[in-house]
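By convention in this document, chain letters (A, B, ...) are assigned in the order of the sequence lines, proteins followed by strands, and residues within each chain are numbered from 1.
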Amino acid sequence: MTIQLQNVTKKYGKDFALRNVNLNFEKGKIYGLVGPNGSGKSTTLKLISGLVFPNSGVVSLNDEAISRKSSEKVAYLTELDMFYDAFKVKDVVDFYNSQFQDFNYEKAQILLKEMKLDPNKKVKFLSKGNRGRLKLVTTLSREAEVILLDEPFSGLDPMVRDAIVQSLLQYIDFDNQILLIATHEIAEIEPLLDEAIAIYYGDVIGQEKVEVMREELGLSVLQWFKQIVAKNEEE
Amino acid sequence: MSPFTGLLMRDYRITRNSFLSNTIVMVLFFIFGISISSYFGEPAGTLPIIIISGIMIAAFHPISMFLLLKTEGKNQLWLYSPRPSYMLVLSKFVVLWIYQLILQLLFTTYTIFCLYWYGKGVYPAVPVGTFTEIMMFINVALLLVGASFSCWVTLCWTVFHSLNRYPKLKPFRALIVILIIVIYNTFETLMARLDVVKDIITEYSIQFVSTPSLNYDGGGWEVMLEFAEVPVIPIIYYGFMSFLLFYISTKLLERKVEV
């Protein structure tokens with residue numbers, strides 16, 4: 001199973017969100033898309049989930065062009081607030097369960113307990129941290145081929161961040177899923193990553209295996225990222 | 001729960017509060033009608049309330065659809081779905097139809113109350129069979145008119161959001177949507193003036209509905225009912241147009257709309 005972005009360009013108005021990007025993601029790996037805010041990380045995930053369409057180039061999953069239907073195979077956690085205020089926590093879970101065949105209802109119940117979410121509480125009364133947890137429940141309860149997490153730590157306190165990392169370690173099928181995490185909070189995800197991809201204002205400026213970074217280059221992901229950004233700016 | 005039931009439940013949950021508000025407003029409006037008519041001793045005063053309520057019900061579906069789409073436009077969850085876009089839109093139509101039916105039930109009850117009890121002296125004594133026929137026609141017409149306008153609303157919404165993708169057109173999105181409506185209506189009006197079209201329109205008709213009006217006979221207001229000819233061809237035409245608008249909207253939603 002692979003996800004491919006071939007010569008993908010995406011513009012919002014006159015601005016390039018992505019400029020002629022080529023990327024390849026393979027099964028069994030955890031990728032980190034790193035870059036500052038507005039660098040194109042979220043757009044990359046939205047393109048893979050079929051929420052936005054490229055201006056040019058092709059985004060494909062298993063050699064099939066991505067469409068809205070691809071969400072069947074792609075579990076996506078958006079950085080935005082994606083819930084309806086009128087829903088209770090259990091309504092959100094029930095809705096996801098009705099829409100996605102790969103949704104594991106039992107797993108969702110376990111995750112709700114672990115994340116200490118009250119199923120009867122209305123979404124509009126949840127704290128930001130708990131809304132983040134609920135997003136994670138809906139995403140991790142799916143046994144999808146691809147899992148996309150867009151800024152999963154955004155605005156969350158260290159306790160919640162730790163809970164998210166633990167959940168990822170516990171509930172991701174590392175052999176059969178592709179996991180893409182887009183974040184500018186690099187240190188949080190570094191221990192999880194197989195590969196890091198640096199996106200800098202629409203351009204992919206680097207891609208490296210984390211093992212190589214640590215063992216051969218003697219760098220953390222953050223140091224590597226800073227180094228290539230500096231190099232890119234010099235050029 | 002099947003995927004479509006899931007969508008229906010979703011749309012029901014996000015709209016039930018506004019539906020309840022609408023229902024309360026309508027009931028208050030009915031009470032207001034009776035109260036004012038009683039105060040002035042003119043039972044025929046309930047007729048304008050019936051007419052305005054009918055218009056309100058016809059507007060309920062498209063206005064609710066617009067508000068629903070506006071809510072969805074702010075929420076990425078809607079289009080992140082493996083369901084075909086026609087199903088996403090259809091569930092909204094169905095939920096709003098059910099709400100509309102409930103409102104129409106209230107409307108029918110109020111009309112019965114006015115015709116056969118409160119306003120018995122000023123409304124013509126319509127036989128129960130004829131009244132049933134009239135109310136069935138009005139109720140079906142309200143459902144179809146509401147849905148037809150909703151198809152236009154959905155098309156306008158999808159065109160507006162599709163234009164997001166074209167930076168040069170983006171500042172003119174609202175204008176383009178208005179232009180589409182104006183051009184279509186001008187075209188339809190011009191076509192309707194052609195003799196050949198006029199002949200087709202009036203080719204088949206059914207005598208079905210009564211046209212209510214108020215008449216002052218010196219002693220007070222009375223309600224007059226007249227039978228009217230309802231042309232069949234325009235009904236078929238608007239049905240086809242609604243289907244076409246719905247189809248175009250769902251295709252735009254699937255391929256062009258980015259939320």
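Using a cut-off of 4.0 Å between Lys/Arg side-chain N and Asp/Glu carboxylate O, Lys46(A) and Glu258(B) are scored as not salt-bridged. A salt bridge links Asp85(A) with Arg131(A): the closest approach of a Lys/Arg side-chain nitrogen to an acidic carboxylate oxygen falls below 4.0 angstrom.
Ring geometry for His61(B) against Phe93(B) counts as tilted: the plane angle lies between 30° and 60°, on a 0 to 90° scale. A perpendicular orientation is assigned to the rings of Tyr31(A) and Phe25(A), their planes being inclined by more than 60° (bins at 30° and 60°). Ring geometry for His161(B) against Trp157(B) counts as tilted: the plane angle lies between 30° and 60°, on a 0 to 90° scale. Ring geometry for Phe32(B) against Phe29(B) counts as parallel: the plane angle stays under 30°, on a 0 to 90° scale with 60° as the upper cut. Ring-plane geometry between Phe30(B) and Tyr110(B) is classed as parallel, the angle between the planes falling under 30 degrees on a 0 to 90 degree scale with a further cut at 60.
Checked against the 6.0 Å centroid threshold, Phe100(A) and Tyr80(B) count as a close aromatic pair.
Of the two parts of Arg16(B), only the side chain, counted from C-beta on, holds a non-hydrogen atom closer than 4.5 Å to a non-hydrogen atom of chain A. For Ser2(B), the part lying under 4.5 angstrom from a heavy atom of chain A is the backbone only. Arg13(B) touches chain A through backbone and side chain together, each having a heavy atom under 4.5 Å away. With a 4.5 Å cut-off on non-hydrogen atoms, Phe95(A) touches chain B through its side chain but not through its backbone. Of the two parts of Lys135(A), neither the backbone nor the side chain holds a non-hydrogen atom closer than 4.5 Å to a non-hydrogen atom of chain B. Heavy atoms of Leu88(B) lying under 4.5 Å from chain A are absent altogether. In this structure, the portion of Tyr96(A) lying under 4.5 Å from any heavy atom of chain B is its side chain and not its backbone. In this structure, chain A has no heavy atom under 4.5 Å from any part of Lys168(B).
Your options are Ala75(A), Gly50(A), Ser49(A), and the one with the most heavy-atom pairs under 4.5 Å with chain B is Ala75(A). Interface check for chain B: of the options Arg68(A), Lys14(A), Gln101(A), the most heavy-atom pairs under 4.5 Å are formed by Arg68(A). Your options are Arg10(B), Glu254(B), Met1(B), and the one with the most heavy-atom pairs under 4.5 Å with chain A is Arg10(B). Ranked by heavy-atom pairs under 4.5 Å with chain B, the list Lys69(A), Gln99(A), Glu72(A) is led by Gln99(A).
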